[in-house]
Amino acid sequence: MIAPTPEDEAALDATKAPLMEHLIELRKRLIWSGIFFFIAFGVAFFFAKDVFHFLQLPLQHQTGKTMIFTALGEPFFAYIKIGMFGGLCLAFPFIAAQIWMFIAPGLYRHERNAFLPFLIATPICFGVGGAFAYYVLLPYAIHFFAGFQTADMELMPKVNEYLDLVTKIILAFGLTFQLPVLLSLLGKVGILTSQQLRNSRRFAIVGITALAAVVTPPDMGISMLALAVPLVGLYEISILLVAMFERKRLRAEAGRAAKEGAESASTDVAGS
C-alpha cells in the first residue's frame, strides 16, 4: 500500500463526520440513484420495441426466423425486462457518479486521483464487452444451435427465453471485461504489483477458463474460448498497465527524494 502523506491525513481528518451524517448522505445518494434508474427505465421502455428489434437481429440474420410467445402477457413483460436492462445500462454512469460522490470524501488524495479515471473507464469497458458478445459471440452461438434443426425438430424461439440468453451474455461479458479496470486500480493504489500478477498468471488462466465455462453457452467450448482468450489478453494488458504505474510511482518518489535532499542541503548551507 502507498503510505498517506501528512497532507492526506489532514484532509481526511477534515472530512470525518458522525455516523448519522454518513447514513443521511448514503440515503441521499441511493435516492438519486433510484431516480436516475427510473428515468432511464422510462426511456428504455419507451424505445423497448426498437431495442427488441435490435437484440433479435442476430437471430434473424442467422436463422431467418422471428420469435413466438405462448403466454398472453409475455410480450408486455418482455418489454418490462428490456426496460430494466436498458435502464440499468443507461443509468450506470449516473449511479457510478453517486457512488463516487459518497466515497470520495473518505479517500486520500492519491486514492481519489487513482480512482476517478477508472470510474470513467468502467462504462467504456462494459460497452466493449457487451459489443463483443453481441457482434462476435451471439451470431456464432445462434448459428451453432440452429444447426441442430432436423425435419422432425424446427426452431421456434420464445421471446422470454431468447431475451434471457441475450441479456445474460451481454451482462456477463460487460462485467468480465472490467478485469483490467479492477487490476489496474489495485496496482495504481499499491495493493497489487506487476510481479504478483506475473507470478499468479497460471492460476489466473485457470480461473478465467472456469469463469468462461460458467457464463457462456455449452457449444463445444467455442463460446468459452471466445471469452477466455480476450480475458487472458486483458490480464496481460493489466500487467503492463500496473508496471507502467509502478515506473511512474518510482520516478515520482525519486523526484520527491531529490527535492527534499536539495531543500535539506540548502537549509544546512543557510544555517552554516
Side-chain angles (χ1 to χ4, degrees), residues 27 29-99 122-123 126-178 211-219 223-224 226-227:
R27 184 186 64 177
R29 299 305 169 193
L30 290 175
I31 291 174
W32 277 111
S33 297
I35 291 173
F36 286 130
F37 172 76
F38 281 112
I39 293 174
F41 170 81
V43 173
F45 184 77
F46 182 79
F47 293 100
K49 291 184 179 180
D50 298 317
V51 176
F52 176 79
H53 175 73
F54 176 75
L55 292 177
Q56 63 88 34
L57 284 178
L59 175 69
Q60 194 173 33
H61 289 163
Q62 295 297 323
T63 66
K65 294 180 179 293
T66 56
M67 282 175 277
I68 65 169
F69 63 92
T70 57
L72 191 61
E74 190 171 349
F76 173 76
F77 289 109
Y79 291 150
I80 292 290
K81 187 178 299 183
I82 290 174
M84 296 185 67
F85 173 72
L88 180 62
C89 294
L90 291 175
F92 177 78
F94 302 99
I95 295 174
Q98 294 300 312
I99 295 173
T122 296
F126 183 90
V128 171
F132 181 85
Y134 178 84
Y135 290 105
V136 177
L137 177 64
L138 270 178
Y140 172 80
I142 292 170
H143 178 77
F144 176 84
F145 288 121
F148 287 95
Q149 290 185 94
T150 66
D152 300 321
M153 293 189 300
E154 182 182 359
L155 175 64
M156 300 180 67
K158 289 187 61 179
V159 171
N160 274 337
E161 292 175 357
Y162 179 79
L163 282 181
D164 285 341
L165 175 67
V166 172
T167 53
K168 285 178 181 178
I169 289 178
I170 291 177
L171 285 174
F173 273 68
L175 293 175
T176 52
F177 268 58
Q178 304 299 318
L211 175 64
V214 171
V215 302
T216 55
D219 53 359
S223 296
M224 182 187 73
L227 177 58

Taking all non-hydrogen atoms of both residues into account, name the closest pair between F37 and M84 and its distance.
-> CE1-O, 3.9 Å

Side-chain heavy-atom pair T122, Q178 within 4.5 angstrom cut-off | yes

Is there side-chain contact between L163 and F52, with at least one heavy-atom pair below 4.5 Å?
-> yes

So, for Q62 and I142, which heavy atoms are closest and what is the spacing to 0.1 Å?
-> CB-CG2, 3.7 Å

Short question: side chain of E74, backbone of T70 - any donor-acceptor pair under 3.5 Å?
-> yes

If you measure from CD1 on I95 to CG on L88, what distance do you get to the nearest 0.5 Å?
-> 6.5 Å

Determine whether K81 and N160 make a side-chain contact, defined as any pair of heavy atoms from C-beta on separated by less than 4.5 Å.
-> yes

Does a side-chain heavy-atom distance below 4.5 Å link K65 with Q149?
-> yes

So do Y134 and F54 actually touch side chain to side chain, heavy atoms under 4.5 Å?
-> yes

Take L165 and E161, measure what side chain to side chain contact (heavy atoms under 4.5 Å, CB included) needs, and give me the verdict at the end.
-> CA-CA 6 Å; L165 175 67; E161 292 175 357; over 6 Å; no

Compare all side-chain heavy atoms of F126 with those of P93 and state whether any distance is below 4.5 angstrom.
-> no

Under 3.5 Å: donor-acceptor pair, side chain of Q56, backbone of T66 | no

Are L55 and I170 side-chain neighbours, meaning at least one heavy-atom pair lies under 4.5 Å?
-> yes

Taking the side chain as C-beta and beyond, is there a heavy-atom pair between I169 and F173 under 4.5 Å?
-> yes

Heavy atoms only: give me the nearest S33-Q98 pair and the separation to one decimal.
-> OG-CB, 3.6 Å

How far apart are the closest heavy atoms of A44 and G83, and which atoms are they?
-> CB-O, 3.6 Å

Tell me the ring pair (Phe, Tyr, Trp, His ring centres under 6.0 Å) pairs involving residues 64-88, sequence neighbours left out?
-> none

Distance from D164 atom CG to K158 atom NZ, nearest 0.5 Å?
-> 10.0 Å

Return the orientation label for the F45 and F41 ring planes: parallel under 30°, perpendicular over 60°, tilted otherwise.
-> parallel

Result of checking L137, T176, V136 against L227 for side-chain contact (heavy atoms from CB on, under 4.5 Å) = T176

